[in-house]
Amino acid sequence: MSSYQDEEDGAAFDGQAGSFPKEFGYGTFEGDQDSQTVDHKPRILLMGLRRSGKSSIQKVVFHKMSPNETLFLESTNKIVKDDINNSSFVQFQIWDFPGQIDFFDTCFDFDTIFGGCGALVFVIDAQDDYIEALNKLNLFVTKAFKVNPNIKFEVFIHKVDGLGDDSKMECQRDIHQRAMDDLSDSGYDQQIHLSFHLTSIYDHSIFEAFSKVVQKLITQLPALENLLNILNTNSAIEKSFLFDVVSKIYIATDSTPVDMQSYELCCDMIDVVIDLSSIYGVKEEFELAAFDEQSSSLIKLNNGTVLYLREVNKFLALVCILREDNFDHKGLIDYNFLCFRNAIQQVFELRNKNQSPVTNSSAVGSPVVNGSNLIGENLSPTSGGGDNENNIPSRLD
Ligand SMILES: Nc1nc2c(ncn2[C@@H]2O[C@H](COP(=O)(O)OP(=O)(O)OP(=O)(O)O)[C@@H](O)[C@H]2O)c(=O)[nH]1
C-alpha cells in the first residue's frame with residue numbers, strides 16, 4: 001500500500017484579505033499568485049454572530065485542526081479568504097466573515113461579495129440565545145438574494161454537542177419556524193429556500209453538513225451519482241461514497257439514503273489508511289503524495305460487512321460498504337471499479353473542456369457519462385443504505 005499525504009499545507013492557505021472595510025471588494029489578496037484563476041472559483045461565505053464557531057468550522061474541516069485547539073482561536077477581525085484546492089472537483093474559496101460585521105456600513109460592496117457566491121453558510125450558536133442571530137440571518141439572506149438569486153442558503157445550527165437529543169430536535173424546530181416566519185414577514189418565503197443542518201465540530205456532523213454544501217456546488221453531481229448507482233448495482237455494493245481524501249468531505253454518493261454510522265465508518269477508514277500510509281508508505285522523490293492507482297485498502301468488520309477503499313485519482317477515493325459474501329467476486333468489483341474510474345476521468349475531461357474562465361459553479365454543464373462498460377453478474381444487492389444500522393461493530397477485525 002502506498003501512502004496518502006496530508007495535502008493541507010499545499011492545498012490551502014489563509015489569504016489575509018486585508019482589513020475590513022477599508023480594502024473591501026478584493027480583486028487580489030496577499031499570497032494570491034493568480035487572481036484570475038482563483039477568483040472564478042465558487043465562493044462559500046461563512047457568516048454568523050461573533051463566537052458562533054465560523055473559524056472553528058473552517059479550521060477543523062479544511063485544516064485538520066483538532067476541535068479542542070479551536071478553544072484558543074482568536075476572534076476574526078477581518079475577512080479571511082481561504083483557497084480550497086483539494087481536488088479537481090472540490091475547488092472553491094471560503095470567506096470567513098468577522099462576527100461583528102456591520103452590513104449597514106456604506107463601504108460594504110454587496111455586488112462583489114454576493115455576486116460570485118455559490119453558497120452562504122450562516123452559523124447559529126445553538127447553545128446561545130439565537131434571536132439576534134435569526135434577525136441577522138434574515139437581513140443577510142434577503143440582501144444576498146436580491147443581488148444573486150442563485151445562492152444556496154445553508155443554516156448550521158451549531159454546537160449541538162452540548163444538547164440532548166430532544167433539545168436538538170426542539171431547537172431545530174424552533175429555529176426553522178422562526179426563520180420561516182421572518183422570511184414570510186419580509187415577503188420572501190416563496191423565493192428563498194433555507195436548508196438546516198445540526199452540526200458540531202466534535203463529531204462527524206460538520207463534515208457531513210459541509211459535504212452537502214459542497215455537493216450543491218458540483219454541477220457534475222447527477223453524473224457522479226449515476227455512475228455510483230451503476231457501480232453498486234453491478235457489483236453488489238450496498239453503499240459507496242466518493243471522498244475528497246484530505247477533507248473527508250464526500251463529494252458524491254449513490255442515491256440510497258446516507259446513514260450517519262456508515263459515513264463515520266468510511267471516514268474512520270480513511271483516517272486508518274492515511275495514518276498507516278504515512279508510516280509505511282513509500283514516497284517517490286518529488287512527489288507530494290506517495291500514492292498511486294494501486295492504492296487500496298480492505299477492512300473486514302465483525303458483522304459480515306466489508307469496507308473497501310480504492311484510489312480514484314490523486315485526491316479522490318472510492319469507499320464502498322458491502323456484504324462479505326459478495327466480496328467473493330472481488331475480480332468483478334475491481335474490473336467494474338476500473339470502468340468507473342475511466343468514466344470519472346471522462347467527467348473530469350468534459351468539465352475541463354466546458355469550464356469558462358468567468359463562470360461560477362452554476363454555469364458548468366453536467367456531462368452525460370454512462371457506465372455502460374460495467375459488468376453485472378447476477379448479484380443482487382440488498383436495497384437501502386446498508387443493513388448495519390443497528391449492527392455496527394464495536395471493533396475492526
Ligand atoms: N461546544 C462547541 N464549541 C464550539 C464548536 N465550534 C466552535 N466552538 C467554540 O466556539 C468558540 C468560538 O469559535 P470561533 O470559531 O472563534 O467563532 P467565530 O464565529 O469565528 O468568532 P468570530 O471570529 O468572533 O466571528 C471557540 O471557543 C470554539 O472552541 C462546537 O461545535 N461545539
Side-chain angles (χ1 to χ4, degrees), residues 20 44-63 65-80 82 94-105 108 113 119-145 151-186 188-189 192-213 260:
F20 176 82
I44 297 180
L45 308 184
L46 274 177
M47 293 180 156
L49 296 188
R50 291 195 67 211
R51 313 302 289 160
S52 54
K54 301 177 291 297
S55 310
S56 309
I57 292 173
Q58 186 210 2
K59 295 284 179 196
V60 168
V61 176
F62 296 105
H63 296 271
M65 183 180 271
S66 92
N68 288 330
E69 282 177 67
T70 64
L71 290 168
F72 309 107
L73 280 178
E74 284 182 15
S75 197
T76 316
N77 55 16
K78 53 192 172 189
I79 297 172
V80 177
D82 191 3
I94 294 192
W95 288 20
D96 182 6
F97 281 71
Q100 72 272 23
I101 206 161
D102 177 9
F103 261 58
F104 294 107
D105 195 310
F108 202 91
I113 307 275
L120 191 162
V121 175
F122 193 89
V123 184
I124 297 180
D125 183 345
Q127 296 185 16
D128 201 6
D129 180 17
Y130 43 72
I131 301 301
E132 193 196 338
L134 284 168
N135 291 338
K136 278 265 164 75
L137 169 71
N138 189 259
L139 186 72
F140 287 7
V141 295
T142 50
K143 191 76 201 169
F145 182 80
I151 298 182
K152 313 276 184 238
F153 295 107
E154 313 284 340
V155 182
F156 283 9
I157 303 170
H158 193 52
K159 305 193 188 177
V160 291
D161 48 279
L163 307 179
D165 281 348
D166 289 347
S167 324
K168 265 188 217 175
M169 290 305 137
E170 176 53 26
C171 180
Q172 180 171 19
R173 194 202 54 73
D174 192 38
I175 288 179
H176 185 275
Q177 186 62 48
R178 287 171 189 266
M180 297 321 287
D181 289 348
D182 289 348
L183 277 184
S184 161
D185 292 346
S186 12
Y188 282 98
D189 53 327
I192 298 182
H193 176 74
L194 301 177
S195 304
F196 293 85
H197 311 262
L198 290 167
T199 56
S200 163
I201 52 169
Y202 288 96
D203 56 34
H204 288 87
S205 57
I206 193 62
F207 294 93
E208 225 241 330
F210 235 103
S211 300
K212 292 193 172 141
V213 173
M260 199 60 182

> Nearest heavy-atom pair of V61 and F207: which atoms, and what distance?
Replying inline: CA-CE2, 3.8 Å
> Is there a side chain to side chain contact (heavy atoms under 4.5 Å, CB included) between K54 and T76 once you walk through the steps?
Replying inline: CA-CA 9 Å; K54 301 177 291 297; T76 316; over 6 Å; no
>> My understanding is that only residues two or more places apart in sequence, or in another chain, count here; which of them pass ring-ring contact (aromatic ring centres under 6.0 Å, His included) with F196?
In response: H176
> Residues two or more places apart in sequence or in another chain: which of them pass side chain to side chain donor-acceptor pair (under 3.5 Å) with D125?
Replying inline: K159
> From I124 CD1 over to I175 CD1, what is the distance, rounded to the nearest 0.5 angstrom?
Replying inline: 4.5 Å
> So do the side chains of V160 and T199 get within less than 4.5 Å of each other, counting heavy atoms only?
Replying inline: no
>> Applying salt bridge (Lys or Arg N to Asp or Glu O under 4.0 Å), can you list everything that pairs with R50, at least two apart in sequence or on another chain?
In response: none
>> Taking D174 first and then R178, would you say they form a salt bridge - that is, a charged N and a carboxylate O separated by under 4.0 Å?
In response: yes
> Can you tell me how far CD of Q172 sits from NE2 of H197, rounded to the nearest 0.5 angstrom?
Replying inline: 9.5 Å
> Do D82 and D96 pass the side chain to side chain contact (heavy atoms under 4.5 Å, CB included) test, and can you show the C-alpha distance, the side-chain angles, and the key distance before you say yes or no?
Replying inline: CA-CA 8 Å; D82 191 3; D96 182 6; over 6 Å; no
> For E132, which residues count as a salt bridge (Lys or Arg N to Asp or Glu O under 4.0 Å) partner, sequence neighbours excluded?
Replying inline: none
> Going through the checks in order, is the side chain to side chain contact (heavy atoms under 4.5 Å, CB included) test met by L194 and F122?
Replying inline: CA-CA 10 Å; L194 301 177; F122 193 89; over 6 Å; no
> Under 3.5 Å, is there a donor-acceptor pair linking the side chains of S186 and T142?
Replying inline: no
>> Under the rule for side-chain contact (heavy atoms from CB on, under 4.5 Å), what residues qualify as partners of S184, not counting sequence neighbours?
In response: D189
> If you measure from CG on L46 to CD on Q58, what distance do you get to the nearest 0.5 Å?
Replying inline: 6.5 Å
> Is a side-chain N or O of K152 found less than 3.5 angstrom from the main chain of V121, in a donor-acceptor match?
Replying inline: no
> With sequence neighbours excluded, what pairs up with T70 under the side-chain contact (heavy atoms from CB on, under 4.5 Å) test?
Replying inline: S56, V60, M65, L73, I201
>> Please report the interatomic distance CG(L49) to CG(N135), rounded to the nearest 0.5 Å.
In response: 9.5 Å
> F62 and I94: which non-hydrogen atoms are nearest, and at how many Å?
Replying inline: CE1-CD1, 3.2 Å
> With Y202, which residues qualify under ring-ring contact (aromatic ring centres under 6.0 Å, His included), at least two apart?
Replying inline: none
>> Run the ring-ring contact (aromatic ring centres under 6.0 Å, His included) test against H204 and tell me which residues pass, sequence neighbours left out.
In response: none
> Would I157 and C171 satisfy side chain to side chain contact (heavy atoms under 4.5 Å, CB included), going step by step from the backbone distance to the final call?
Replying inline: CA-CA 8 Å; I157 303 170; C171 180; 4.0 Å; yes
>> Quick check for you: to the nearest 0.5 Å, what is the distance between I44 atom CD1 and F210 atom CZ?
In response: 5.0 Å
>> So S195 and V155, do their side chains get closer than 4.5 Å, heavy atoms only?
In response: no
> Partners of S205 by side chain to side chain donor-acceptor pair (under 3.5 Å), sequence neighbours excluded?
Replying inline: D203
>> What's the separation between atom CG in D161 and atom CG in L198, rounded to the nearest 0.5 Å?
In response: 11.5 Å
> Partners of F145 by ring-ring contact (aromatic ring centres under 6.0 Å, His included), sequence neighbours excluded?
Replying inline: Y188
>> The criterion is salt bridge (Lys or Arg N to Asp or Glu O under 4.0 Å); which residues satisfy it with D165, sequence neighbours excluded?
In response: K168
> Just wondering, are more than 12 heavy atoms of other shown residues or ligands nearer than 6.0 Å to CG in D185?
Replying inline: yes
> Considering residues at least two apart in sequence or located in another chain, which fulfil the side chain to side chain donor-acceptor pair (under 3.5 Å) criterion with D128?
Replying inline: none
